[in-house]
Structures are given as structure tokens and as C-alpha cells.
Amino acid sequence: MNITLKINGIEHAIEAPASTTLLAALRGLGFHGVKFGDEQGLSGADTILLDGRPVNAGSLLAAQAQGHAVATIEALGEHPEQGWRKTDGLHPLQKAFIESGAIQCGYCTPAQILAAKSLLEKNPNPGEGEVREAISGVLCRCTGYLKPVQAVMRAAAVLRGEDPSSVSAEQLPVEPLAPEDKLIADDGSPVATKVTPKIVLTPQTETYQTVGKPEKKVDAIKLAQGKPAFTADVDMRGMLYAKVLRSPHAHAKIKRIDATKALALQGVVSVLTWRDIPRVVYSTAGQSDPIPGPLDSFSLDHKVRFVGDRVAFVAAETPEIAEKALSLIEVEYEILPAILDSREAMKPDAIKIHDEPEYVNFADSNPEKNLAAHIRIDIGDVNKGFAEADEIFEAEYEVPKVQQAHIEPHVCVTYWDEDDRLVIRTSTQVPFHARRMLAPVLGLPVKRIRVVKPRIGGGFGGKQEVLMEDVAAHLTIATKRPVIYEYSREEEFIAARSRHPMRVKMKTGVKKDGTITANAMYALSDTGAYGCHALTVTGNTGHKSMALYVGDGEYRKSPNIQFYADVVYT
Ligand code: FES
């Protein structure tokens with residue numbers, strides 16, 4: 001259908017399916033300041049202003065915005081230096097976000113600024129509670145909210161023509177953010193954050209040029225403007241959209257897979273199953289060579305090992321066609337017993353999660369026992385330490401799986417460049433590992449792969465996995481065309497590598513005066529279907545914490561520590 005959108009005061013006519021969201025339409029027109037965070041508008045990264053009110057562009061059809069005024073971050077200020085052309089520069093909100101250190105990854109920043117702009121247009125003198133409420137629909141995973149709240153209060157002061165230093169983070173002593181009567185939330189409860197964070201500078205830094213002084217983030221100006229700084233912020237001619245068919249079963253063999261109907265769908269350019277690509281075993285853990293973990297993954301396999309495991313890749317002209325194609329792939333599974341509890345994994349009669357002959361052990365991994373990694377560390381003599389203790393405390397703890405929940409999902413774009421290098425533009429924490437690890441998987445020498453890591457919208461360890469770059473890369477190799485693959489929020493939860501759930505037993509011996517005489521930890525860690533960071537994450541559980549809890553005196557000189565761990569496949 002034909003849709004006319006008035007964006008930042010200028011009319012844009014587009015032709016798009018009726019189902020096109022306003023988010024897709026805006027990004028398609030090059031307004032990359034509006035971001036994808038999830039499909040339900042929960043993250044708020046897709047916030048724009050519709051007739052001055054903040055709304056989620058991903059939850060609105062483009063057609064619904066017809067006849068309304070759409071404002072994006074691109075409507076606000078610009079870089080203060082524009083050559084001979086005079087400019088007002090950045091908007092006070094953009095300046096305040098930069099000056100207050102309110103931008104970390106910057107993925108949420110355009111949305112927060114727009115939400116704040118809407119507030120200040122209605123209420124030029126808001127209290128902290130009102131500011132918090134106004135930006136509460138835009139989640140920030142990196143900066144938190146203190147600095148953005150400060151930034152909005154500071155911008156409000158500037159817009160009122162007042163001195164903004166009363167909300168400066170640099171001011172000492174600690175000052176209230178706002179008058180006491182403003183520190184009440186709308187529901188009448190007191191607002192928790194009453195003061196700017198206390199900053200204590202060591203005296204010697206007074207003479208330093210940089211140390212101890214606030215520094216503006218080098219790329220803050222572009223982030224405050226919502227410039228195309230992130231992986232998905234590119235438009236390429238002929239770009240295809242990738243989707244992945246995922247397993248509905250926890251453990252199964254693929255007996256038959258037929259992509260004929262999917263390939264026949266108009267707009268589908270490629271469907272890849274395990275039969276179509278080389279079978280190369282590797283690890284997805286972005287770590288130095290040799291990778292401290294087993295090689296137990298394939299880009300595609302004839303066996304699936306968790307609900308959400310990969311079954312087939314599709315590349316199509318639009319995301320909607322790619323999604324439709326997934327439903328046309330016929331798969332017949334032979335369902336196998338599953339291990340859903342880490343305590344079951346090492347039982348002698350447990351089914352083997354990894355029975356493939358290509359499996360490569362690392363150190364003590366043992367697929368026969370569903371063991372991805374195994375740690376046995378003894379320092380001193382814990383039995384002697386426990387014998388010398390006046391009290392012994394023992395307890396068992398469970399820590400759950402934790403999703404990193406970066407607001408920018410995993411996303412990558414792949415294409416061949418003019419030097420016939422495969423370019424992998426990806427939101428990763430491990431660009432060099434990605435290049436080295438993917439070379440054999442893709443059948444290319446390392447020098448024919450170029451990894452570009454633009455600004456990353458949060459990673460928190462979740463993007464230390466080389467998790468999905470191979471999907472787009474295989475499809476670019478198959479089609480010769482640029483391919484973008486972006487995880488949905490659901491995929492982040494079912495098909496990313498979250499922090500391992502663990503069952504941890506602790507035994508600590510202490511003297512009556514509190515001196516620790518011995519400390520023992522056993523961790524049973526659940527790595528799920530693949531080893532990836534099995535050894536290193538579980539290792540850190542003990543290595544980093546056990547070293548902190550040693551006794552004093554002789555026990556500090558010769559501590560008694562035991563750290564054992566088994567990391568199992570489930
Ligand atoms: S700075 Fe807010 S999500 Fe990263």
C-alpha cells in the first residue's frame with residue numbers, strides 16, 4: 001500500500017505491505033536513530049514521538065502514523081561545527097547527556113532523549129520522580145538511570161535559562177538533585193535517589209591534566225544524535241534477510257528434512273540444511289587459541305540438542321518472506337530422551353548428548369560422561385584445616401541461568417567486498433577470535449575474512465560467543481549477496497548462551513575468632529547442549545571467589561582451599 005509519513009516536518013511517500021511497522025518504515029528510510037530492542041516495545045529502544053507523545057515505533061503500523069507528526073532523534077540538534085554554515089548545535093538534552101556521562105553504549109540514548117523531550121515540553125520544571133517516570137519506558141542496561149536523570153534535570157535547567165551547575169555531577173559537596181518537595185514520586189512514595197553520586201577526588205589529581213577529571217566519551221556526540229553507529233545501521237543494495245528454523249525438541253535426530261516448498265516460495269533466495277554446508281566441528285566460545293574447551297558444535301547438524309537449536313537457515317528478500325519460508329520446511333525428527341537436570345547428566349545410564357565422532361576433547365572433557373569440563377584444584381590441606389576449625393558451616397546453593405539482556409540483540413551483516421574478502425560486520429566482543437574461528441567453518445583463509453565491529457549496544461559477556469555470524473556468512477557464500485541476521489528477543493532467550501546455572505556446595509571451617517581455616521567448594525555447572533565457555537565461566541566461579549576467603553596469619557600464608565567442579569551437558 002502507499003503510505004505518506006510526515007517525519008521531522010518532511011513528507012515521505014513509501015510503498016510497503018500493510019503489515020509494515022513504523023519502526024521498519026523509519027529504519028528503511030534511513031532514520032537509524034530509532035532502534036530495535038524487542039517485538040513488544042518492552043525495551044523502549046524504538047521510542048519516537050507521535051504528535052509529541054512517546055510511542056513504540058515497533059508496536060505501531062506505519063499506516064497508523066499517516067496524518068500524524070513523527071519526530072525522531074534526527075530532528076534534534078547537530079554537531080556544533082558545520083564549517084561555514086552557522087548552527088545552533090546540539091539540543092540542550094543532547095548536550096546534557098554528553099556532559100553528564102549519561103551515555104554508555106548509547107543504544108538507548110535516542111529513545112531516552114525523545115522521552116525526556118516530550119516531558120520537558122509539557123513540564124519545564126519536573127521533579128526527579130517525574131523524570132524517572134518519563135524515561136521509565138526506555139530500558140538502559142549499561143548506564144543505569146542516575147546519570148540520565150541528572151542529564152534531564154540539567155537540560156531542564158538550561159531550557160529554563162537557569163544555571164545547570166546545581167545538577168552537575170562534579171559539584172562537591174554532594175548536592176540534592178532537586179528541592180526536597182520534588183523528591184516524591186507520583187504515587188506519593190519518596191524517590192530513592194536523592195543526591196548526585198558522591199565523587200571523591202584524591203588530592204594529587206588536582207595537578208593532573210586528565211586523571212581525576214571527567215572526560216566526555218569520544219563518540220558521545222554521534223551517539224546523542226542517533227547516528228548510524230551500530231551493526232544494523234547500514235543499508236546495502238540487494239540485502240537479504242536471514243531467519244533460522246529452530247528445533248521444537250530438546251534432543252532429536254533429523255531423519256528427513258525437505259526444503260523444496262520453502263525454496264519455491266517467491267522471494268526466497270536460499271535455504272541451507274546440514275546437507276548443504278561442510279561439516280566442520282568447532283567451538284563458539286570466543287577465546288584465544290587453543291580454545292580452552294571442547295569442539296562440539298557445527299553450523300548445522302543432523303542432530304538437535306536443545307529446544308531452539310538450529311535446523312535450517314533461510315535468506316529471503318524480506319524478513320516476512322523468510323519467516324514464512326521457515327514454516328514450509330518439512331522436518332521429520334526421531335525424538336531422543338533428554339537430560340533436563342544437571343544431576344542426571346553423569347549417571348551411567350544417561351543418554352549421550354554428544355555422540356558425534358568429530359568431537360574434540362579439551363583437557364578433561366568426556367562426552368561419554370556428558371562432561372564438558374572438569375576442575376580439581378587443591379591448595380594446602382582442607383582436611384587438616386577442617387580438623388583445626390572450631391565450627392564448620394556447610395550449605396548448598398543454586399544459582400539460576402542468567403540472560404545478559406543487552407538491549408541491542410545479536411546482529412550481523414555479511415557481504416563480499418571489492419577485494420573478495422568476506423566482510424562480517426557484527427555486534428561482537430571478540431572480533432579477532434571470530435575471524436580466526438570462522439575461517440575453517442566457512443572454508444576461507446583467515447586473510448580473506450574481515451571482521452568489522454561497530455559500536456556495540458551492550459554485550460556483558462553474551463557477545464563473547466561467536467554465536468550467529470556463521471549463519472549470515474554461509475548465506476552470503478551461498479547467494480553472493482549481503483545478508484543481515486538479527487536475533488529476535490525470543491531467540492536471545494532460547495538460543496543465546498546465557499550464564500550457566502550451577503549447584504554450589506560450600507564447606508567452610510572457622511576458628512571462634514572468625515579466622516577461616518579451610519574452604520571447599522564443589523560446583524555442578526550446567527552448560528546446556530554445548531561446551532562453549534563451560535570451563536572458563538565455571539573456573540571463574542571458584543578461582544576469583546575462593547582466593548578472597550582465606551584466613552589470617554598462618555592460614556593466609558598457607559591457605560587450605562579446595563575447588564572442584566564438573567560442567568555437564570544437559
Ligand atoms: S547505554 Fe543504555 S542500553 Fe547501553
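First listed ligand is number 1; within each ligand, the first listed atom is number 1. When reading the values below, keep in mind they use all heavy atoms of this one structure, side chains included, and skip hydrogens, waters and symmetry mates. Note that the structure is a prediction, hence the values are computed from the model and not measured.
Remark: of the listed residues K243, E491, H410, E491 is the sole one forming a side-chain hydrogen bond (donor to acceptor under 3.5 Å, both in side chains) with Y485.
With sequence neighbours excluded, the residues that form a side chain to side chain contact (heavy atoms under 4.5 Å, CB included) with A134 are L119. When the salt bridge (Lys or Arg N to Asp or Glu O under 4.0 Å) test is applied to R499, no partner is found at least two apart in sequence or on another chain.
Around atom 2 (Fe) of ligand 1, the protein N, O or S atoms closer than 2.8 Å are C108 SG, C140 SG, listed by chain and residue number.
With F36 as the aromatic partner, R27 does not meet the cation-pi criteria of under 6.0 angstrom to the ring centre and within 45 degrees of the ring axis.
Residue pairs meeting the side-chain hydrogen bond (donor to acceptor under 3.5 Å, both in side chains) criterion with at least one member in residues 214-225, sequence neighbours excluded, are D219-R455.
Across Y241 and A322, no two heavy atoms sit closer than the pair O-CB, 3.7 Å.
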